[in-house]
S.K.: 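Below you'll find the structure I mean.
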Amino acid sequence: MGKRVAVVLAGCGVYDGSEIHESSAVLVHLSREGAQAEVYAPDVDQMHVVDHVKGQPTQEKRNVLVESARIARGNIKDLAKLDVKGLDALIIPGGFGVAKNLSTWATQGKNCIISKEVEDVLKAFHAAKKPIGLCCISPVLAAKIFPGCELTVGHDTECEKWPYAKTAETMKELGCKHVNKHVTEIHVDVKNKLVTTSAFMCNAPIHEIYDGIGKMVKEVVRLA
């Protein structure tokens with residue numbers, strides 16, 4: 001029997017939900033590792049809806065669970081029903097939905113609030129000493145909840161390749177140790193069983209992002 005891994009989504013689309021390529025990469029790599037993905041999302045309204053052509057918010061309202069179901073091909077459960085006892089690991093892909101729908105990081109940065117459901121799930125896996133994989137912006141969730149943990153969101157010096165490097169500095173202000181890593185690399189916090197990789201925090205070719213996520217998934221499954 002393969003490992004059962006919870007994958008928590010935050011909507012569908014980079015600017016207001018889960019990053020679709022990252023989410024797909026997680027599911028493909030879990031399949032390759034012989035693991036069974038169980039997809040969850042909170043049954044809440046998105047912070048807002050962004051027109052992905054214009055990059056501008058619209059007046060539309062959308063639900064995070066309903067939108068995430070697009071990525072999960074309909075095979076998804078309400079995050080409120082997640083039971084850590086029957087699961088071996090947790091992975092949360094990136095995308096602005098993590099900072100908008102799972103937390104208030106997008107508007108409040110280090111002073112953000114994590115959604116109670118999401119915080120409870122992260123703390124439950126951590127308390128059970130089960131591995132947690134986070135990529136792109138989602139390591140900020142761990143930075144807020146697990147003081148002193150070790151994480152990577154790529155590099156901490158902003159440049160064309162690393163446009164979101166200030167995130168690393170903000171994580172350090174929360175008392176975390178940020179470890180600079182290339183997009184195809186991962187960092188493992190052995191004590192906290194956290195596996196992180198930068199994904200689209202890096203302005204890199206999509207296959208490199210895919211490969212970095214593959215290493216994260218492989219390590220999460222190994223630790224499970």
S.K.: Do V217 and R32 have side-chain heavy atoms sitting under 4.5 Å apart?
M.R.: no

S.K.: Quick check: do Y164 and E158 have side-chain heavy atoms less than 4.5 Å from each other?
M.R.: no

S.K.: If the condition is side chain to side chain donor-acceptor pair (under 3.5 Å), which residues does D78 pass it with, not counting sequence neighbours?
M.R.: none

S.K.: Do L79 and V8 come close enough that some side-chain heavy atom pair is under 4.5 Å?
M.R.: yes

S.K.: Side chains of K100 and H48: any donor to acceptor distance under 3.5 Å?
M.R.: yes

S.K.: Centroid separation under 6.0 Å, is that true for the rings of H126 and F146?
M.R.: yes

S.K.: Under the side chain to side chain contact (heavy atoms under 4.5 Å, CB included) test against L90, which residue among V220, I132, V5 passes?
M.R.: I132

S.K.: Run the salt bridge (Lys or Arg N to Asp or Glu O under 4.0 Å) test on E185 and K215 for me, step by step, so that the C-alpha distance in whole Å, both residues' side-chain angles and the decisive distance to 0.1 Å come before the verdict.
M.R.: CA-CA 7 Å; E185 296 177 319; K215 285 184 189 165; over 6 Å; no

S.K.: Do C135 and F200 make a side-chain contact, defined as non-hydrogen atoms from C-beta onward lying under 4.5 Å apart?
M.R.: no

S.K.: Kindly indicate whether the side chain of V7, heavy atoms from C-beta on, has any atom under 4.5 Å from the side chain of L27.
M.R.: yes

S.K.: The test is salt bridge (Lys or Arg N to Asp or Glu O under 4.0 Å); show your working for D120 and K116 and say whether it passes.
M.R.: CA-CA 6 Å; D120 288 350; K116 186 176 186 314; 2.6 Å; yes

S.K.: Measure the shortest side-chain to side-chain distance between F96 and N101 over non-hydrogen atoms and say whether it is less than 4.5 angstrom.
M.R.: no

S.K.: Of H21, E22, E19, which meets side chain to side chain contact (heavy atoms under 4.5 Å, CB included) against P93?
M.R.: E22

S.K.: Output all residues satisfying salt bridge (charged side-chain N to carboxylate O under 4.0 Å, His left out) with E67, sequence neighbours left out; order by chain, then residue number.
M.R.: R62, R70

S.K.: Is atom NZ of K172 surrounded by more than 12 heavy atoms (other residues, nucleotides or ligands) closer than 6.0 Å?
M.R.: yes

S.K.: Linking I/L/V/M/F/W/Y whenever their side-chain heavy atoms sit closer than 4.5 Å, directly or via other members, would V84 and L134 fall into one cluster?
M.R.: yes

S.K.: Do I186 and L151 belong to the same hydrophobic cluster, where Ile, Leu, Val, Met, Phe, Trp and Tyr are linked whenever their side-chain heavy atoms lie under 4.5 Å apart, directly or via other members?
M.R.: no

S.K.: If every non-hydrogen atom of I71 is compared with every non-hydrogen atom of S23, which pair is closest and at what distance?
M.R.: CG2-CB, 3.9 Å

S.K.: Spell out, yes or no, whether V153 and W162 are grouped together once hydrophobic residues are joined by side-chain heavy atoms under 4.5 Å, including indirect joins.
M.R.: no

S.K.: Counting only heavy atoms not in D83, do more than 12 fall under 6.0 Å of its CG?
M.R.: yes

S.K.: Compare all side-chain heavy atoms of C176 with those of E150 and state whether any distance is below 4.5 angstrom.
M.R.: no

S.K.: For Y15, check ring pair (Phe, Tyr, Trp, His ring centres under 6.0 Å) against everything at least two apart and list the hits.
M.R.: H52

S.K.: Can you find a pair of side-chain heavy atoms, one from T167 and one from I137, that are under 4.5 Å apart?
M.R.: yes

S.K.: For the residue pair K3 and A224, what are the closest heavy atoms and their distance?
M.R.: NZ-O, 2.9 Å

S.K.: Would you call K166-E169 a salt bridge at under 4.0 Å N-O?
M.R.: no

